[in-house]
Amino acid sequence: PARPRVFSGIQPTADSFHLGNYLGALRHWVALQETHEAFYCVVDLHAITAGHDPKVLRQRSRVAAAQLFALGLDPERSTLFVQSQVPEHPQLAWVLGCITGFGEASRMTQFKDKSQKQGSDRSSVGLFTYPILQAADILLYQADAVPVGEDQRQHLELSRDLAQRFNSLFGKTFTVPAPHIVKDTAKITDLQEPTAKMSKSSSSPAGIIDLLEEPARTAKKIRSAVTDTGREIVFDAEGKPGIANLLTIYSALSGRDIDDLVAAYAGKGYGDLKKDLAEVVAEFVRPIQERTRGYLDDPAQLDKLLATGAEKARAVAGPTLRLAYERIGF
Ligand code: ADP
Ligand code: NA
């Protein structure tokens with residue numbers, strides 16, 4: 001039988017993915033290739049909803065794709081493409097926007113949060129309709145499953161509602177996507193503020209570990225990571241969030257159980273843990289950085305991979321859009 005389909009996208013809004021992106025999302029993208037037919041997208045259309053610089057965006061989209069290949073997305077097995085190269089995305093988004101209620105869209109909490117930060121008069125209509133474009137991303141591929149973190153649950157709910165609504169108005173057209181919940185998903189926190197999530201919008205760059213940064217820089221960040229004033233290395237996410245975060249990263253990258261690590265560090269200090277973790281991270285990023293550089297050093301080859309990805313994506317998205325157009329009377 002055919003494998004279930006999975007769709008996911010990530011914005012090219014930073015110069016590098018960080019360890020939170022990898023441990024919370026991208027490593028699952030790689031793993032899902034084993035069990036699913038995967039469509040993965042660098043969502044550059046989403047990345048222009050809050051202001052951008054064209055040169056920077058173009059470069060970030062390329063670096064994002066190069067990193068995804070470097071992390072193990074296999075173009076033979078998965079379809080990786082850049083959203084703006086598949087015009088069916090905004091075409092379907094328009095249709096879906098016409099069956100979305102204004103009130104319904106207004107209830108999206110991520111828009112409320114982001115527009116509040118920008119000042120609501122300055123937020124774009126694109127930021128407001130962002131979840132509708134996201135629904136189009138997913139529905140075009142008839143995805144069965146979408147890996148989602150807590151922050152995206154409401155948006156996936158909207159995608160499901162729009163699929164069901166379109167199907168009942170115009171006849172069965174779209175697969176209703178289900179959330180793919182990953183069991184041991186690691187929530188990585190900020191090194192400087194260990195109760196907040198590691199995020200590209202963190203208040204200090206010292207709180208984030210970028211996959212593409214120099215290992216010496218990473219080692220320095222880990223050395224200055226905020227911990228508690230105790231000495232004992234135990235896993236206590238509430239009482240010792242800084243140490244718990246370091247142990248979580250260590251365990252995820254080394255494959256060693258947290259209990260094993262805690263036992264191995266009995267009688268040792270935070271400095272020992274930090275020093276060893278810096279080495280573990282350096283070992284982990286070295287081949288990723290090398291492979292990323294390899295893709296970026298051969299722009300023609302990267303372009304070709306992305307053109308092939310876009311072609312494979314359109315082979316699915318095109319027929320879906322044509323069916324939707326036909327159903328609505330175009
Ligand atoms: P950021 O928070 O840096 O803006 P995004 O919101 O673009 O990152 O997230 C991209 C993906 O990475 C999402 O699937 C998100 O759930 C995941 N992710 C981001 N930060 C973390 C984190 N600190 N821990 C775990 N997963 C994360
Ligand atoms: Na974010």
Side-chain angles (χ1 to χ4, degrees), residues 6-32 38-52 56-57 60-61 63-65 67-68 71 73 80 83 108-111 113-114 117-118 127 130-131 133-134 137-138 143 145-156 159 177 179-213 218 221-222 225-226 237 241-242 244-253 281 284:
V6 67
F7 176 91
S8 196
I10 190 152
Q11 288 198 62
T13 41
D15 295 326
S16 167
F17 293 131
H18 58 69
L19 218 42
N21 297 141
Y22 175 70
L23 294 176
L26 303 178
R27 74 173 161 152
H28 304 303
W29 288 23
V30 177
L32 281 164
F39 288 84
Y40 296 129
C41 185
V42 175
V43 293
D44 56 348
L45 295 176
H46 287 279
I48 65 168
T49 52
H52 75 287
V56 172
L57 176 63
R60 285 179 170 178
S61 293
V63 177
Q67 280 180 96
L68 291 170
L71 286 169
L73 288 194
L80 174 65
Q83 191 184 27
M108 297 293 123
T109 55
Q110 196 174 83
F111 173 75
D113 294 346
K114 288 191 178 174
K117 275 185 208 145
Q118 292 177 352
L127 187 66
Y130 184 115
L133 179 58
Q134 200 172 339
D137 298 340
I138 296 165
V146 178
V148 277
E150 235 358 271
D151 53 339
Q152 288 300 322
R153 273 187 159 279
Q154 196 187 27
H155 288 174
L156 183 62
S159 299
H180 175 85
I181 311 284
V182 188
K183 264 190 250 112
D184 60 339
T185 192
K187 180 74 148 278
I188 305 305
T189 62
D190 190 293
L191 298 182
Q192 287 300 314
E193 213 183 318
T195 52
K197 92 174 185 133
M198 183 181 287
S199 166
K200 58 180 173 277
S201 39
S202 290
S203 53
S204 158
I208 317 163
I209 298 175
D210 278 334
L211 297 183
L212 297 184
E213 76 190 12
T218 303
K221 290 180 184 180
I222 292 175
V226 169
N245 189 42
L246 299 181
L247 286 168
T248 300
I249 296 171
Y250 198 146
S251 167
L253 295 185
V281 176
F284 172 74

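Counting begins at 1 with the first residue of the sequence. Scope of the values below: all heavy atoms of this structure, side chains included, with no hydrogens, waters or symmetry mates. Remember, it's 1-based here, ligands and their atoms both numbered in the order they're listed.
Between T49 and L133 there is no side-chain heavy-atom pair separated by less than 4.5 Å. Contact of the I10 side chain with the V43 side chain is not registered, since no non-hydrogen atoms from C-beta on lie closer than 4.5 Å. Between E193 and S202, the closest side-chain pair of non-hydrogen atoms is not below 4.5 Å.
Counting heavy atoms closer than 4.0 Å to ligand 1, residue A25 contributes side-chain atoms (C-beta onward) but none from N, CA, C or O. With a 4.0 Å cut-off on non-hydrogen atoms, Q11 does not touch ligand 1 at all. Of all the heavy atoms of L23, none lies under 4.0 Å from any atom of ligand 1, so neither backbone nor side chain is involved.
For ligand 1, the atoms lying closer than 4.0 Å to a non-hydrogen atom of I10 are 10 (C). Interface atoms of ligand 1 facing K200, defined by a heavy-atom separation under 4.0 Å, are 1 (P), 3 (O), 4 (O), 5 (P), 7 (O), 8 (O). Near M198, meaning under 4.0 Å from any of its heavy atoms, are these atoms of ligand 1: 20 (N), 21 (C), 22 (C), 23 (N).
For ligand 1, the polar-atom distance check finds an N/O of N21 within less than 3.5 Å of one of the ligand's N/O atoms. Considering both main-chain and side-chain atoms, K197 comes within under 3.5 Å of ligand 1 through a nitrogen or oxygen pair. The shortest N/O to N/O separation between S201 and ligand 1 does not fall below 3.5 Å. For a threshold of 3.5 Å applied to N or O pairs, the pair formed by G20 and ligand 1 contains at least one separation below that value.
Evaluation of the salt bridge (charged side-chain N to carboxylate O under 4.0 Å, His left out) rule for E213 yields R217, K221 as partners, not counting sequence neighbours. Considering only residues two or more places apart in sequence or on other chains, H18 meets the ring-ring contact (aromatic ring centres under 6.0 Å, His included) condition with none of them.
By the 30° and 60° cut-offs, the orientation of the rings of Y40 relative to W29 is parallel.
One distance of note links CG of D15 with CZ of R60; it measures 4.5 Å at 0.5 Å rounding.
The closest approach between any non-hydrogen atom of A186 and ligand 1 is below 4.0 Å. Residue contacts with ligand 1 include H18, since one of its heavy atoms falls under 4.0 Å from the ligand.
Nearest heavy-atom pair across L156 and P177 is CD1-CG, 4.1 Å.
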